[in-house]
Amino acid sequence: MSCDAMLLVDALREPATTRALDANDWTALIAMARAEQLIGTLAERLKSESVPPKVAEILAEARINADYQRRSALWEAECAARALSDYPGKVVLMKGTAYVAADLKAGEGRHIGDLDVLVAREDLPQVEALLLSKGGWEWVKEDAYDDAYYRDHMHELPPLIHKERDRMIDVHHTILPLTARPSPDAAGMLANAQLIDSNLTVRAEPVEARNRSESRPSTSSARTETLCVLSPTDMVIHCTAHMIADGDLAGGLRNLWDFHCLTTQFAESDPDFWPQLSARAARHQLLPAVQCAARLSLRLYGTTIPQTWGRKKLADAYFVRRLTARDGWGRPTRKVTRLAFYIRSHWLRMPPLMLARHLWTKWRKG
Amino acid sequence: MHEFSAQVGPAAFRIGSQWRSPVDQLAALYADYPKPEIPDFSVRLEAVSMLRRFIRPSVMIEGDYMLPDAAPLPLAQALLAAEMGMNLQMALGWRRHLLLHASAVEKDGKALIMTGASGSGKSTLSALLGQSGWRFMGDEFVLLDLESGAAVPFPRLISLKNEAIAAMEAQADAARFGPLMEGTPKGNIRHLMPPVDAIARMAEPAKPALLLFPRYGHNWAVRDVAPGETFMRMTQASTNYVALGEAGFTAMTRFIKTTPARAIDYQSGAEAVSLAEGLWEQLA
Amino acid sequence: MDQDNTENGTKTGADKLTGPTSRRALMLGAAAASAVITVRPALAQTAGSVLNCQIPVPGPHGSGMNIAADGRLVAPDTPGSFTATGQKYTGEQVKAALRGRSLPGTTYEQNRAYMNYIRRLQAGQSGFTCYASLQMPR
Amino acid sequence: MSGAEPLYRADTTDAMLVEPLDGLTLIYHRRSGVTHMVVEPVPQILAAMGEDALTLDQLLTRLSKDFDLGDAVEAKAVLAARIDELVDLGLVDKLDGQDA
């Protein structure tokens, strides 16, 4: 039995590697894939592989569940669109919901949790008010500290939950905490965001802020096609920011799989994709992060990346150790590595004094 | 990690435990069940902390699918923890059938399905009927085939609570009982192995023929249940109805439309058995 | 068009060629009474949201009427029936009553009649949504 | 746009599975994956709407061909409430009105 999640990485990269697996390997692979929330993705990848009957049943089940998540995510987006139909600015879907709404490969079988949207920072109060009054969302928690913390330092509103549907929405105004050292150009991302029904093109043409009452498609009033997604380069940059420059790499294998699928698909449709990604990432102060993600994606998933980006860095090995820290029971392993990345994630988010204050307040509240 | 695995109906589980004793208990109680090659679900019984593995050991339930805020149980109740862990995998992860939180017994290829709140007696009733001429199909979940609508058995260990323990001790073979666990969050619990025949025939489905909503502790009564109420109650008794989408809707409406439903109130197990058998004669 | 056909309204209502004389009255209900119950995922239904609702006995559709032992609404002078004032019971009280406790302030027989009334609630009647939400198995 | 009345249009018929069940009607809405249990007059409203975009008054006229709606003012108020409910659930779309 393999001792870490390279088993899962191999199966995703090259489905044919699963032909050599015995019953114990399969058991481990399934437990890992569930723990990393990649079981639906694995099911899509192994669709045309011949697998043991029991595995076929498990993967078919994972597809049913992925369908359910996809349906719920799109519906949630549509409900948000309806609540925000009087808001004239762009509402940009992000992460999993965006991938399925735009019908991208990264969305196939993907686990989708909360709804994430991006809006202009100055419009947050208006968007918040519409979601609360028209949409039926409410605050998850009434807590002055957390509230003030979110509003002052984070890149999103405190989370809202829908009264009836029990689903959360995160409204972002940029892609990283305001305290983080890189400052991505959120206004630029919004400007380049594209309507979902326009085919995603790398050379994003800015879409005019729509006058919703006139440009709305005649077949429906508030379907997901009135929503936007980020331009291809920005979508990849957001995926990276989320993974490398912000998080503690929890869910890292899934985020890296998103990176792999997005870059591969976009580069196939536009040979200039990588240079544009490079330029765009530099503008958002995230080029080192994007290059790091690309190297990891090459190393784990065999992504084709520009040759000049592929030079190994010493730190990459630590990222790989962290990304694959999972045993055959789906348990997290490598506690020290995990802790190091956890501290790193807080370090990246906040200046040291604020980090100390944050941890102190959290600790006091127990 | 000590390991154990068993197949219950269509679902196979493996259980990993940091202690040996729960695995030994499980192995004894699941002796009649087949061993799977590849399990559908993994459940882990883990110490709350390194220290708590030895001092006042406390069992955390972990697994492929989990709910937040699960409370740990003392090691003496590890068997219950394992059962809860397996139930949770089914409730949260199973998508191959429409899953009903219900008990069931079979006769002549037809299934009597019983559902109700905790304490309604649906589990005890299925165990009692399983000792008196019916084939026991399961006391916790009934799985409806999405294509055919047939009820597929899930005959896991019968989980007897409080007064039901003595009632069944009077009826079943003493060798088929697990240890008595006192003072669990659900009161006293003792597991009972289903009859050998129930386990041997666990791949054999049955056509749903009668749905009962039993309620323990009330005067003898039988009430009609309107299909609308039945529908609402069954959707709330199914943890995967919504996730199954259209297939779930089709299976559920077919089940409601073709299966007569009654609510029954009863004061004793014997009363409930005769009520159920009377309605079966009349309706099934 | 006869009354028995009403449930097929979705499929046939618009196609029926019915003259003004045979038009039946459409049961419109009150503007404030919801005509829709939506099925929620069983696990997402937290105890908190379940226990905050209330059920009036009887609802506005039965005000001034008595409740028979089997829960039907009957004329106030019906023998063996119980008066009811539209008293509201919380989801928690009804849930306890479903488990065998009595609704607060009721006699044994009265409690059974009231509970039978609640069980008979139909979609669109005040309290039905609350009652439906109590049907969670655990 | 001042005098424009909103138009309503039900989701297409193949977007829903409809199952009458003893006086109630179950509706499975494919796009949302949500099941609704509805009572009269909801199924009748959806049937009358068909796939057309209608104002409230047009809907009222269609319904009154098949049904006795009683007091017209009261009927319109109830209908408006039901339609709002269906819009909230996503079974009916509210379209911007057109100046006729």
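Reminder, nothing fancy here: chain letters follow the sequence lines and each chain counts from 1.
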K.L.:
Tell me the residues of residues 68-80 of chain D whose non-hydrogen atoms fall below 4.5 Å from those of chain C, in number order.
P.N.:
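So the qualifying residues are D:D68, D:L69, D:A75, D:A77, D:V78, D:L79.
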K.L.:
Could you tell me which non-hydrogen atom of C:V36 sits nearest to which non-hydrogen atom of D:E85, and how far apart they are?
P.N.:
N-OE2, 3.7 Å
K.L.:
Are the side chains of D:P41 and C:M27 in touch, meaning some heavy atoms are under 4.5 Å apart?
P.N.:
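D:P41 does not reach C:M27 side chain to side chain.
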K.L.:
Can you tell me how far CD of D:E40 sits from CG of C:L26, rounded to the nearest 0.5 angstrom?
P.N.:
4.5 Å
K.L.:
Please flag which part of D:L63 lies under 4.5 Å from any non-hydrogen atom of chain C: side chain, backbone, both or neither.
P.N.:
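Looking at D:L63, just its side chain touches chain C.
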K.L.:
Should we count CZ of D:R30 as having more than 12 external heavy atoms under 6.0 Å?
P.N.:
yes
K.L.:
Is there a side-chain contact between D:D66 and C:R23 in this structure, where contact means two heavy atoms from C-beta onward sitting under 4.5 Å apart?
P.N.:
no
K.L.:
Tell me the ring-ring contact (aromatic ring centres under 6.0 Å, His included) pairs involving residues 11-33 of chain D, sequence neighbours left out?
P.N.:
A:W75-D:H29, B:F249-D:Y28
K.L.:
Let's go through D:V34 and C:T38 carefully: what are the C-alpha distance in whole Å and the side-chain angles of both, what is the deciding distance for side chain to side chain contact (heavy atoms under 4.5 Å, CB included) to 0.1 Å, and is it a yes or a no?
P.N.:
CA-CA 7 Å; D:V34 173; C:T38 297; 3.2 Å; yes
K.L.:
Is it the backbone or the side chain of D:L89 that comes under 4.5 Å from a heavy atom of chain C, or both, or neither?
P.N.:
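The side chain, not the backbone.
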